[in-house]
Amino acid sequence: MAGKKPWSREEFEQKLQEKECFYHIHHPFQVLMNNGKLNQYQVQGWVANRFYYHTCIPLKDAAILANCSQRSVRRQWVQRILDHDGYGEDVGGIEAWLQLGEAVGLSRETLESQQQVLPGVRFAVDAYVNFARHATWQEAVCSSLTELFAPSLHQQRLDNWPRYYPWIKAEGYHYFRKRLNEARRDVRHGLEATLDYFQSRTQQEQALAILQFKLDVLWTLLDALWMAYIENRPPYHTEL
């Protein structure tokens with residue numbers, strides 16, 4: 001029996017875009033946060049745990065570079081590492097997140113110590129980095145396509161947080177402004193690479209599964225935060 005007919009480029013892109021319904025913008029924790037329903041302790045918990053994710057993004061991107069033999073791709077992808085680690089006068093996204101931490105009342109020492117990182121968050125983020133290390137570079141690039149949906153989330157925070165969380169210092173919003181343009185630029189490159197490489201129907205369905213894996217990672221981060229900061233059931237809460 002003949003295999004399934006591949007989707008057209010336009011159909012395949014639409015299938016990828018439809019994965020937005022699983023993006024963590026819809027997670028109950030994120031919904032509460034973006035509607036001003038969290039207290040300072042809960043916002044700090046999110047900032048501290050999300051920081052671990054951001055410190056691991058350059059490791060993920062370095063893994064993609066290490067597995068990629070195409071110079072033209074490496075020349076573009078390396079910009080992502082520079083965006084997070086910083087270069088020249090650009091302090092980078094990790095430094096911008098540290099500024100966000102200070103803006104919500106956390107010290108740099110607290111963030112960098114990772115003492116507040118939940119086991120579920122660490123496990124999910126590490127799984128993502130390990131995936132990038134062992135996958136082909138095209139598969140790892142595909143996993144980055146959650147950036148398709150990121151700009152709207154950053155914009156929500158810029159629009160809503162100053163109104164709902166007036167106690168957050170204004171300088172803390174630099175990260176979200178920075179990522180608005182960077183994410184749109186990055187996703188164009190990642191999307192084109194994915195559409196070019198995953199051409200058979202089997203490959204296209206594999207790409208959707210890879211994107212779902214990354215969506216699951218982001219959702220799992222918030223599941224862990226929900227248990228610890230909303231249900232007040234942090235890890236080992238049953239310990240005597």
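In what follows, residues are counted from 1 in the order of the sequence shown. Computation of the quantities below employed the complete heavy-atom set of this structure, encompassing side-chain atoms and omitting hydrogens, waters and symmetry-equivalent molecules.
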* How about Arg157 and Gln30: does a side-chain donor come under 3.5 Å of a side-chain acceptor? -> yes

* Would you call Thr136 and Asn67 a side-chain contact if the rule is heavy atoms closer than 4.5 Å? -> no

* Do Arg108 and Glu95 come close enough that some side-chain heavy atom pair is under 4.5 Å? -> yes

* Check for a donor-acceptor pair, side chain of Asn160 on one end and backbone N or O of Asn34 on the other, with a separation under 3.5 Å. => yes

* To do: To the nearest 0.5 angstrom, please state how far the OH atom of Tyr175 sits from the CG atom of Leu158.
  => 12.0 Å

* Is the closest basic N to carboxylate O distance between Glu182 and Arg179 below 4.0 Å? -> yes

* Asked: Where do Leu16 and Leu211 come nearest, in terms of heavy atoms and distance?
  -> O-CD2, 3.8 Å

* **Contacts of Arg71 that satisfy side-chain contact (heavy atoms from CB on, under 4.5 Å) - sequence neighbours left out** => Arg74, Arg75

* Ion pair Glu205/Arg201, N-O distance below 4.0 Å -> yes

* Asked: Would you say Leu221 and His24 make side-chain contact, with heavy atoms under 4.5 Å?
  -> no

* To do: Indicate yes or no: at least one non-hydrogen side-chain atom of Gln204 is less than 4.5 angstrom from one of Pro6.
  => yes

* To do: Walk me through it: do Asp126 and Tyr52 pass the test side-chain hydrogen bond (donor to acceptor under 3.5 Å, both in side chains)?
  => CA-CA 10 Å; Asp126 289 353; Tyr52 182 66; 2.5 Å; yes

* Mark yes or no: Arg9 above the aromatic ring of Phe12, with NZ or CZ under 6.0 Å from the six-membered ring centre and no more than 45 degrees from the axis. => no

* What residue pairs, at least two apart or across chains, pass ring pair (Phe, Tyr, Trp, His ring centres under 6.0 Å) with a residue in residues 113-144? -> Phe131-Phe213

* **Point-to-point distance, once rounded to the nearest 0.5 Å, from CZ of Phe51 to CG of Leu106** => 10.5 Å

* Asked: For Cys142 and Thr194, which heavy atoms make the closest approach, and how far apart are they?
  -> CA-OG1, 3.6 Å

* Give a yes or no on whether Arg233 atom CZ has more than 12 heavy-atom contacts from other residues, nucleotides or ligands under 6.0 Å away. => no

* Tell me, with the steps shown, if Leu215 and Phe149 meet side-chain contact (heavy atoms from CB on, under 4.5 Å). => CA-CA 11 Å; Leu215 290 162; Phe149 321 122; 4.3 Å; yes

* Asked: If two hydrophobic side chains count as joined below 4.5 Å and joins carry through other members, does Val31 share a cluster with Leu38?
  -> no

* To do: Output, in order, the C-alpha distance, side-chain angles, deciding distance and verdict of side-chain contact (heavy atoms from CB on, under 4.5 Å) for His27 and Leu218.
  => CA-CA 10 Å; His27 192 285; Leu218 297 176; over 6 Å; no

* Taking the side chain as every heavy atom from C-beta outward, state whether Ser144 and Asp186 have any atom pair closer than 4.5 Å. => no

* To do: For Met33 and Tyr165, work out which heavy atoms get closest and say how close.
  => O-OH, 2.7 Å

* Note, Lys178 side chain near Asp90 side chain (heavy atom, < 4.5 Å) -> yes

* Cluster overlap Ile64 with Ile210, hydrophobic side-chain contacts below 4.5 Å -> no

* Asked: Step by step, would you call Asp216 with Gln212 a side-chain contact (heavy atoms from CB on, under 4.5 Å)?
  -> CA-CA 6 Å; Asp216 291 346; Gln212 185 63 56; 2.9 Å; yes

* How many angstroms lie between CD in Gln44 and CG in Leu100, if you round to the nearest 0.5 Å? -> 10.5 Å

* **Side-chain touch Lys214/Leu145, heavy atoms, less than 4.5 angstrom** => no

* Stepwise side-chain contact (heavy atoms from CB on, under 4.5 Å) check, Glu18 with Leu208 -> CA-CA 10 Å; Glu18 288 172 359; Leu208 293 177; over 6 Å; no

* **Donor-acceptor under 3.5 Å (Gln155 side chain, Pro151 main chain)** => no

* Asked: Nearest heavy-atom pair of Val217 and Ala124: which atoms, and what distance?
  -> CG1-O, 3.7 Å

* To do: Kindly say whether Ala193 contributes a backbone atom to a donor-acceptor pair with the side chain of Gln138 at under 3.5 angstrom?
  => no

Solution key, residues 114-121 side-chain donor-acceptor pairs under 3.5 Å, sequence neighbours excluded:
unit_1, atom_1, unit_2, atom_2, d
Gln114, OE1, Arg122, NH1, 3.2
Gln115, OE1, Ser113, OG, 3.2

* Non-hydrogen side-chain atoms of Phe176 and Leu180 separated by less than 4.5 Å -> no

* Asked: Do NZ/NE/NH1/NH2 and the carboxylate oxygens of Arg80 and Glu147 come within less than 4.0 Å?
  -> yes

* Structure fact -> Between Ser8 and Glu11 the two heavy atoms that sit nearest each other are N-OE1, 2.8 Å

* Asked: If you look at every heavy atom in Ile94 and Thr55, which pair is closest and at what distance?
  -> CD1-CA, 4.0 Å

* With respect to Tyr229, which candidate in Leu222, Asn39, Asn49 satisfies the side chain to side chain contact (heavy atoms under 4.5 Å, CB included) definition? -> Asn49

